2 protein chains.
Amino acid sequence: MKRHSKQRELIMKSLKKLDHPTAAEIHDDIKLEYPKISLGTVYRNLSELADSKIILRLPSSDGADRFDWNTDEHFHAHCTVCGKVFDLFGLLPREAVDSLDKAVEEHTGLSVSSREISFKGICKDCAKNKNFQ
Amino acid sequence: MKRHSKQRELIMKSLKKLDHPTAAEIHDDIKLEYPKISLGTVYRNLSELADSKIILRLPSSDGADRFDWNTDEHFHAHCTVCGKVFDLFGLLPREAVDSLDKAVEEHTGLSVSSREISFKGICKDCAKNKNFQ
DNA sequence: AGTGATAATAGGAACTATTACTATTTATAG
DNA sequence: CTATAAATAGTAATAGTTCCTATTATCACT
């Protein structure tokens, strides 16, 4: 990531527009105005941006990973039916997270570099539309 | 899961023996004494057992999912280098988890059915052996 | 502006974890 | 013992992601 590229610029723009999109969703969106962008380019840029902590990767156990342009400390809730992601700011104060990290390091000897704190359930819309079972 | 099977019995035995194994690790282990077991059978049984809450699925963002025979409420720390999983009992008391769920439901309208609270870092052994970078 | 070094891309092949399919085997109720 | 249908083995198929390579684009230095 030493050089600028039109593609990376479009990826950042799309990421901010789309609300926790997947790589494929970003790719589809960009193709509308720049049809020759490659899916591999989207994946590579998202991974590099996440590695550089410029964006956040939201790992998903079932479907595809999603991405978040907002790197302020916050957690997420995932709808298991439609995949939508909800932001949770200020749920766990910073001091609480720090003390959890410390407890983990004492119990396991593992030096914590990141946490994965997310909630799963069925969102209001999916519950209303009975999009499940 | 209405009928007993030799294969499911071996899967449970291997799961308890192996310390948070993946489906492939269980398959490899069982093949030693029962070579004709199919990997599909291992996956199907693990999924059914997890759906029935008899065992726990530990989703992994990078590699393969791991499984835990102990369904008591506890969280996990994952070494990002070797994949080893450490148990964390009593880190977050039940009441804390319940109140987090409640806060999430109030903020998002999503009805929480499960949480994913795990920590990532480099374990003592990998740090010592410099198995990284 | 021109040029050389090399970073980044497009497009497709390859890979990994997992699920689906189907003919065969096996468990178990009666 | 036998009929029914659950479970399996083996393989094909799928989804998400990474890898590979020839080509294109960026940018530091003229």
Side-chain angles (χ1 to χ4, degrees), chain A residues 1-15 18 20-52 54-67 78 80-83 85 116, chain B residues 1-15 18 20-52 54-68 78 80 82-83 85 116:
Chain A
M1 281 216 331
K2 303 180 178 173
R3 292 181 187 174
H4 173 263
S5 88
K6 174 73 175 171
Q7 288 86 340
R8 180 157 50 242
E9 195 181 293
L10 290 168
I11 287 165
M12 283 302 292
K13 196 176 90 181
S14 203
L15 174 60
L18 288 183
H20 305 102
T22 62
E25 285 166 358
I26 290 174
H27 184 233
D28 288 345
D29 179 54
I30 295 175
K31 272 198 296 190
L32 299 175
E33 69 171 280
Y34 190 85
K36 78 186 206 345
I37 194 169
S38 159
L39 181 55
T41 297
V42 176
Y43 271 108
R44 180 171 27 73
N45 274 286
L46 288 172
S47 292
E48 287 172 4
L49 290 164
D51 289 348
S52 314
I54 296 167
I55 69 173
L56 228 52
R57 177 192 294 269
L58 314 181
S60 156
S61 28
D62 43 327
D65 287 357
R66 292 176 175 275
F67 294 86
H78 301 249
T80 52
V81 177
C82 63
V85 175
E116 158 88 36
Chain B
M1 285 214 332
K2 303 179 179 172
R3 291 185 188 170
H4 172 264
S5 88
K6 173 75 174 167
Q7 288 86 339
R8 180 159 49 245
E9 195 181 295
L10 291 168
I11 288 165
M12 284 302 294
K13 195 175 90 181
S14 203
L15 174 61
L18 287 182
H20 305 103
T22 62
E25 286 166 359
I26 290 174
H27 184 231
D28 288 346
D29 179 53
I30 295 175
K31 273 197 298 190
L32 299 175
E33 70 170 278
Y34 191 84
K36 80 186 203 346
I37 193 168
S38 159
L39 181 55
T41 297
V42 176
Y43 271 108
R44 181 171 28 74
N45 274 287
L46 289 172
S47 292
E48 287 171 4
L49 290 163
D51 289 347
S52 316
I54 296 167
I55 69 173
L56 227 51
R57 176 192 295 269
L58 313 181
S60 155
S61 29
D62 44 327
D65 287 356
R66 292 176 173 277
F67 294 86
D68 193 337
H78 302 249
T80 52
C82 64
V85 175
E116 159 83 39

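As the structure is a computational prediction, the values presented were derived from the model and not from experiment. Chain identifiers are assigned alphabetically (A, B, ...) following the order of the sequence lines, protein sequences preceding nucleic acid strands; residue numbering begins at 1 within each chain.
Remark: the backbone N or O of I37(A) is paired with a side-chain donor or acceptor of H27(A) at under 3.5 angstrom.
Taking side-chain N and O atoms only, T41(B) has no distance below 4.0 Å to OP1 or OP2 of dA7(D). Contact check, S5(B) against dT8(D): a side-chain N or O comes under 4.0 Å of OP1 or OP2. Regarding contacts with the backbone of dA9(D), a side-chain N or O of Q7(B) is found under 4.0 angstrom from either OP1 or OP2.
One finds the NE2 atom of H4(B) at 9.0 Å from the CD atom of Q7(B) (value rounded to the nearest 0.5 Å). I30(A) contributes atom CD1, which lies 12.0 Å from atom CD of E25(A) (distance to the nearest 0.5 angstrom).
Nearest nucleotide to the side chain of Y43(A), out of dT18(D), dG11(C), dA9(D): dT18(D). The listed nucleotides are dT18(C), dT17(D), dA9(D); the one nearest the side chain of A64(A) is dT17(D). The side chain of R8(A) approaches dA8(C) more closely than any other nucleotide in the set dA8(C), dA10(C), dA7(D). Closest to the side chain of H4(B), from the set dT28(C), dG16(D), dA9(D), is dT28(C).
What separates CZ of R57(A) from C1' of dT17(D) is a distance of 9 Å, to the nearest Å. For R3(A) and dT24(D), the CZ to P distance is 16 Å, given to the nearest whole Å. In this entry the distance linking CD1 of I11(A) with P of dA10(C) reads 8 Å, nearest Å. Across the protein-nucleic acid pair, H27(B) atom NE2 and dT16(C) atom C1' stand 16 Å apart, rounded to whole Å. When rounded to the nearest whole Å, the span between CG of D62(B) and P of dG16(D) equals 17 Å. Put simply, NZ on K2(A) is 16 Å from P on dA5(C), counting in whole angstrom units. Separating the CZ atom of R44(B) from the C1' atom of dT8(D) is a distance of 6 Å, rounded to the nearest angstrom. The CG atom of L58(A) sits 16 Å away from the C1' atom of dG16(D) (whole-angstrom rounding).
Nucleic acid contact for T22(B): none, since no nucleic acid atom lies under 4.0 Å from a heavy atom of the residue.
Closest-nucleotide positions on DNA chain C for L39(B) and K36(B) were compared, and the one nearer the 5' end corresponds to L39(B).
For the 3.5 Å distance criterion, the side chains of S14(A) and D29(A) qualify, holding a donor opposite an acceptor.
Taking the charged nitrogens against the carboxylate oxygens, R57(A) and E116(A) have no contact shorter than 4.0 Å, which rules out a salt bridge.
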